[in-house]
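In what follows, residues are counted from 1 in the order of the sequence shown. What's counted below: heavy atoms across the whole structure, side chains too, no hydrogens, waters or symmetry copies.
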Amino acid sequence: MTHILQRLQGHRRFMAESTVGGAAKKLIKIDVSSDTVCPWCFVGKKNLDKAIATSKDQFDFQIRWHTFFLNPNAPRGGVNKREFFRQLFGPRFGQIIGRMNEVFNGLGLQYDLDGKTGNSLDSHRLLYFAGQQRPDKQHDLVEELCVGYFTQGKYIGDREFLVESAKKVGIEGAAEFLEDPNNGVQEVNEDLKKYSGHITGVPYYVINDNHTLSGGQPPEVFLQAFQLAAN
């Protein structure tokens, strides 16, 4: 009998410890306004990912990406990326691109000015579609799009690149969705108005609906924001 009681007591201690150790983690909701052709948005995402990896044992995360257009009138067919930035930045071109090279190298990436830049509407349509079909994959799709555009010379408006990126993260039906140029346009514009209509630059983060950050912040700033939002 004593042996049985000892086993029961040990079982109760184990269950109590399991309950404490398995306490529900606090949810951190992050709404990100960004443009897929914004390099600092990609830098911010990489630093956000580092902060999430550091604190995933403490928090659960729900991340939603929202539309912003750095240049809503950019040509749909695209233009040479290097020449576009050379004209945009003028005499500061070398200094600004040098800084981007430095920042990307710090992330283990190579900033690439090859290929074209242009209108990012179709990429935002695709991100909307991903958010509807596989919300958990939207964040992964942002990674694929940014890696391709910023480091591999891919064009953000290229249909083949968009569909390939979607397939890589497990999103099916992207080709059919993008085929109709009207699909998702209204929803993207509504998203833009709701989440990004009041801001003038990106990236912009809203954490748990009331804590905001802007710019390509380092991981430690995100970690501090998580703690504030959780408390």
Just by modelled atom types, is the T67 backbone N or O under 3.5 Å from a matching donor or acceptor in the S196 side chain?
yes
Between Q62 and L27, is there a donor-acceptor pair closer than 3.5 Å when you use the side chain of the first and the backbone of the second?
no
Let me see the working for S123 and Y149 under side chain to side chain donor-acceptor pair (under 3.5 Å), right down to the final yes or no.
CA-CA 11 Å; S123 68; Y149 175 74; over 6 Å; no
Salt bridge present between D49 and K45 (N-O < 4.0 angstrom)
yes
Are L223 and S55 side-chain neighbours, meaning at least one heavy-atom pair lies under 4.5 Å?
yes
Tightest non-hydrogen contact, residues V43 and F104, listed as CG2-CE1, 3.9 Å
Are the side chains of I52 and L48 in touch, meaning some heavy atoms are under 4.5 Å apart?
yes
Would you confirm whether D191, through its side chain, and E187, through its main-chain N or O, come within 3.5 Å as a donor-acceptor pair?
no
Pair E172, R134 - check salt bridge (charged side-chain N to carboxylate O under 4.0 Å, His left out), show working.
CA-CA 9 Å; E172 300 295 334; R134 293 289 303 275; over 6 Å; no
Among Q186, K193, K194, which residue meets the side-chain hydrogen bond (donor to acceptor under 3.5 Å, both in side chains) test with E190?
Q186
Salt bridge (charged side-chain N to carboxylate O under 4.0 Å, His left out) between R99 and E102: does it pass, once the steps are laid out?
CA-CA 5 Å; R99 172 60 177 155; E102 179 183 332; 3.2 Å; yes
Nearest 0.5 Å, please: how far is NE2 in H211 from CG in N231?
8.5 Å
Geometric class of the F226/F59 ring pair [parallel <30°, tilted 30-60°, perpendicular >60°]:
perpendicular
Hey, is the main chain of K29 close enough, under 3.5 Å, to the side chain of N208 for a donor-acceptor pair?
yes
Under a 4.5 Å cut-off applied to non-hydrogen side-chain atoms, are I30 and F61 in contact?
yes
Before giving the answer on salt bridge (charged side-chain N to carboxylate O under 4.0 Å, His left out), spell out for D122 and R76 the whole-Å C-alpha distance, their side-chain angles and the decisive distance to 0.1 Å.
CA-CA 9 Å; D122 282 352; R76 297 296 295 270; 3.0 Å; yes
Do you know which two heavy atoms are closest between A175 and V163, and how far apart they sit?
CA-CG2, 3.7 Å
Of all heavy-atom pairs linking Q138 and A130, the shortest is CA-CB, 4.3 Å
Within-4.5 Å side-chain heavy-atom neighbours: Y155 and F161:
no
Considering only heavy atoms from C-beta outward, does the side chain of D35 approach that of H124 to under 4.5 Å?
yes
Nearest heavy-atom approach of R125 to D180 is NH2-O, 2.5 Å
Flag the pair L127 / T36 as yes when at least one side-chain heavy-atom distance between them is below 4.5 Å, and no otherwise.
yes
Please find out if less than 6.0 Å separates the ring center of H66 from that of Y204.
no
Donor-acceptor contact present, side-chain R86 to main-chain F93, <3.5 Å
no
Rounded distance (nearest 0.5 Å) linking atom CG of N183 with atom CG of L126:
11.5 Å
Taking all non-hydrogen atoms of both residues into account, name the closest pair between S33 and V202 and its distance.
O-CG1, 3.3 Å
Answer yes or no: is there a donor N or O on one side and an acceptor on the other, between the side chain of K25 and the main chain of K56, under 3.5 Å?
yes
Is the backbone N or O of A74 less than 3.5 Å from a side-chain atom of N119, with the two atoms forming a donor-acceptor pair by type?
yes
Flag the pair M100 / L113 as yes when at least one side-chain heavy-atom distance between them is below 4.5 Å, and no otherwise.
no
Which residues satisfy the side chain to side chain contact (heavy atoms under 4.5 Å, CB included) test with L88, sequence neighbours excluded?
F84, F85
